[in-house]
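Heads up, the thing below is written out as structure tokens.
Since we're looking at a predicted model, the values are computed, not measured.
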Amino acid sequence: MQRRVDDAPDWLCARLQLPAGSKALHLICMHYADGDPYQHEDRWVNLAALPQAEDADFSVQGPNEWLVATIPFSDAEIGFSAGLMDLKLAEFLASKVGDPVFTVERSTWWEGQAITYVKLSYRPGYRLTTRY
């Protein structure tokens, strides 16, 4: 896992409606199944909403599980897309440049305050099924 506190980039401020200069925790995580990489997580957490995230131990409980246990969300936006692996993702997901990649982008808010943005990328063969 990679983690750092940084000024939220302009694109994130625009997406989450954060003021310029907002501090955010940036996490890069890899998830494995039976030793094989299956999900790359690129997450930003708004530290104005969750300052305790800066010191949270995500080695015991992953960021998503920690967020769900720490704060509810009142609004969410989810986008799904298909694309092609770039070099960085191909290395993380043990794939080849140009292989297909399925991506989910999710932003959540609690009563108007931005909580998190995450981009989840999955290696070839991943399947998503939903039921309502």
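- Rounded to the nearest 0.5 angstrom, Gln39 CD and Asn64 CG are separated by 8.5 Å.
- Within 6.0 Å of CG on Asp36 lie more than 12 heavy atoms contributed by other residues, nucleotides or ligands.
- Leu50 is connected to Leu27 through a chain of hydrophobic side-chain contacts under 4.5 Å among Ile, Leu, Val, Met, Phe, Trp and Tyr, so both are in one cluster.
- Between Tyr126 and Leu120 the shortest side-chain heavy-atom distance does not fall below 4.5 Å.
- Between Pro100 and Phe102, every side-chain heavy-atom pair lies at or beyond the 4.5 Å cut-off.
- Taking CG of Leu18 as the start and OH of Tyr117 as the end, the distance is 13.0 Å to the nearest 0.5 Å.
- In the hydrophobic clustering of ILVMFWY residues, with side-chain heavy atoms under 4.5 Å counting as a link, Ile78 and Ile71 come out apart.
- Atom CZ of Phe73 sits in a sparse spot, with 12 or fewer heavy atoms from other residues, nucleotides or ligands closer than 6.0 Å.
- Considering NZ of Lys119 and CG of Leu89, their distance stands at 7.0 Å, rounded to 0.5 Å.
- Here the CD atom belonging to Glu41 is positioned 9.5 Å from the CZ atom belonging to Phe58, to the nearest 0.5 angstrom.
- Annotation: the span from Asp57 atom CG to Trp66 atom CH2 amounts to 11.5 Å, rounded to 0.5 Å.
- Looking only at side-chain heavy atoms (C-beta outward), Arg3 and Arg43 stay at 4.5 Å or farther from each other.
- Here Lys23 does not pair with Asp6 in a salt bridge; the nearest charged N to carboxylate O distance is not below 4.0 Å.
- Linking Ile, Leu, Val, Met, Phe, Trp and Tyr residues whenever their side-chain heavy atoms come within less than 4.5 Å places Met1 and Leu47 in a single cluster.
- Contact check for Arg106 versus Glu77: no side-chain heavy atoms found under the 4.5 Å cut-off.
- The pair Asp86-Lys88 does not meet the salt-bridge criterion, since no charged nitrogen lies less than 4.0 angstrom from a carboxylate oxygen.
- With Thr116 contributing its side chain and Thr108 its backbone, the two residues share no donor-acceptor pair below 3.5 Å.
- With contacts defined as side-chain heavy-atom distances shorter than 4.5 Å, the pair Ser121/Phe92 does not qualify.
- One distance of note links CD1 of Ile28 with CZ of Arg4; it measures 7.5 Å at 0.5 Å rounding.
- Residues Pro124 and Asp99 come closest through the heavy atom pair CG-CB, 3.9 Å.
- Side-chain contact between Tyr122 and Val104 is present, with at least one heavy-atom pair separated by less than 4.5 Å.
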Given side-chain contact (heavy atoms from CB on, under 4.5 Å), test Leu128 with Phe80 step by step and report yes or no.
CA-CA 10 Å; Leu128 175 69; Phe80 304 95; 3.5 Å; yes
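- When every heavy atom of Leu25 is checked against every heavy atom of Ala53, the shortest pair comes out as CD2-O, 3.3 Å.
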Given side-chain contact (heavy atoms from CB on, under 4.5 Å), test Ile115 with Leu67 step by step and report yes or no.
CA-CA 9 Å; Ile115 302 300; Leu67 284 161; 4.1 Å; yes
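- Ala114 approaches Ala49 most closely through the heavy-atom pair O-CB, 3.4 Å.
- Among all heavy-atom pairs drawn from Arg123 and Pro37, the shortest one is CD-O, 2.7 Å.
- Under a hydrophobic-cluster definition in which Ile, Leu, Val, Met, Phe, Trp and Tyr are linked whenever side-chain heavy atoms come within less than 4.5 Å, directly or via other members, Leu16 and Trp44 are assigned to the same cluster.
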